[in-house]
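Here is how names work: the chains are called A, B, and so on, in the same order as the sequence lines, proteins then strands, and each is numbered from 1.
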2 protein chains.
Amino acid sequence: MKTKKSNILTLEQFKDKNYGQRGTKKRDELEAGYENFKIGSLIHEARIEKGLTQGQLAEKVGTTKSYISKIENNIKEVRISTLHKIVELGLGGHLELSIKL
Amino acid sequence: MKTKKSNILTLEQFKDKNYGQRGTKKRDELEAGYENFKIGSLIHEARIEKGLTQGQLAEKVGTTKSYISKIENNIKEVRISTLHKIVELGLGGHLELSIKL
DNA sequence: AAGCATGTTTCACTTTCGGACAACTTTATA
DNA sequence: TATAAAGTTGTCCGAAAGTGAAACATGCTT
């Protein structure tokens, strides 16, 4: 049996990997975009769950793997309508959104 | 005691009001944007719940009442980051986003 | 080690629409 | 019915969402 190697990182691991030294400007700026980070991993996790590659997901949605990669890594913020498309068309799931007061 | 008049419409009522005759092009297109409709009422409900006017909400978030109006009526799609600000700063709640597979 | 699949990143670009502003209409209160 | 407060709508511009190709990195498989 093959050992399943997860690419999913914790927030801190993600930042270490992508934004260098703790306490730096770039790293701190990410703090404000925490929600984005979450959306990226959300898609990432769902995609892995479905056993799709970025390329396959991209094709279903009608975009490119490079764009999917950017979204998963929170380099681009995705529009809700686009996110919706990715989830419905690409992952065959559905997007839920709620406000907790 | 004052009668509380709710502005919240069902999806069909909303469409009747804003998109005319059933079966028309424009009306059908809205189907694709159903999520937006939901987001609008979500914010609307939460705002009423908190007893805020559009202007007050706008001020807390650092935007304009006209923009809030458009969001609530699903005329404009809101960015996730802005939605996040509205919920956190404006409504004192927090935003949840999930993918159901 | 070569070839293949997957994912990341860069660069240059186009298009879209989020969001501000002002003017307007509607609703509420005196 | 006047006056203000709340909500709506038209217009416009720049930021950034999204595109796409190509090069690069990494890990598998044979």
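Atom CG of B:N73 and atom P of D:dG10 are 12 Å apart (whole Å). Per the geometry, CG belonging to A:N74 stands 14 Å off C1' belonging to C:dT8, to the nearest Å. Atoms OH (A:Y67) and P (C:dT14) sit 19 Å apart, rounded to a whole Å. Atom pair B:I48:CD1 and C:dT27:C1' shows a separation of 13 Å (rounding to whole Å applied). At whole-Å resolution of the value, CD in A:E77 and P in C:dC17 are 15 Å apart. To the nearest angstrom, C1' of D:dA17 lies 12 Å from CD1 of A:I86. The interatomic distance linking A:I75 (CD1) with C:dG7 (P) rounds to 15 Å, in whole Å. In this structure, B:K76 places its NZ atom 12 Å from P of D:dT11, rounding to the nearest Å.
Both A:T82 and B:L52 lie close to DNA chain D; mapped to their nearest nucleotides by heavy-atom distance, the more 5′-ward contact belongs to B:L52. Residues A:V78 and B:K70 both approach DNA chain D. Their nearest nucleotides, taken by heavy-atom distance, put B:K70 toward the 5′ side.
Residue B:S69 is in base contact, counting any heavy-atom pair closer than 4.0 Å across all strands shown. Residue B:S66 is in base contact, counting any heavy-atom pair closer than 4.0 Å across all strands shown. At a threshold of 4.0 angstrom between heavy atoms, the contacts of B:T53 are confined to the sugar-phosphate backbone, with no base atom among them.
Residue B:K65 comes nearest to B:A58 through the heavy atom pair N-CB, 3.5 Å, listed as atom of the first residue, atom of the second, then distance. Among all heavy-atom pairs drawn from B:K100 and B:S98, the shortest one is CE-OG, 3.9 Å.
Axis angle, first five pairs versus last five pairs of the helix from C:dA1-D:dT30 to C:dA30-D:dT1: 50°, rounded to 10°.
Within a 6.0 Å radius of CD in B:E96, other residues, nucleotides and ligands contribute more than 12 heavy atoms.
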Trace of the side chain to side chain contact (heavy atoms under 4.5 Å, CB included) decision for A:V78 with A:Y67: CA-CA 10 Å; A:V78 62; A:Y67 182 54; 4.0 Å; yes

When you look at B:I71 and B:L83, which way does the side chain to side chain contact (heavy atoms under 4.5 Å, CB included) test go after all the steps? CA-CA 10 Å; B:I71 292 171; B:L83 180 56; over 6 Å; no

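Relative to the side chain of B:R79, the nucleotides C:dG19, C:dT8, D:dG18 differ in distance, and C:dG19 lies closest. For B:K65, the listed nucleotide lying nearest its side chain is D:dT8; candidates were C:dT10, D:dT8, C:dG19. Residue A:T64 places its side chain closer to D:dG20 than to any other of D:dG7, C:dG18, D:dG20. Comparing D:dG18, C:dT8, D:dG7 against the side chain of A:Q54 picks out C:dT8 as the nearest.
Side-chain atoms of A:E77 come within 3.5 Å of backbone atoms of B:I80 as a donor-acceptor pair (strictly under, hydrogens ignored).
Taking the side chain to side chain donor-acceptor pair (under 3.5 Å) definition, one finds that A:T63 meets it with nothing, sequence neighbours left out.
Residue B:R47 places none of its side-chain N or O atoms closer than 4.0 Å to OP1 or OP2 of D:dA6.
Residues A:L91 and A:L52 form a side-chain contact, since some pair of their non-hydrogen atoms from C-beta on lies under 4.5 Å apart.
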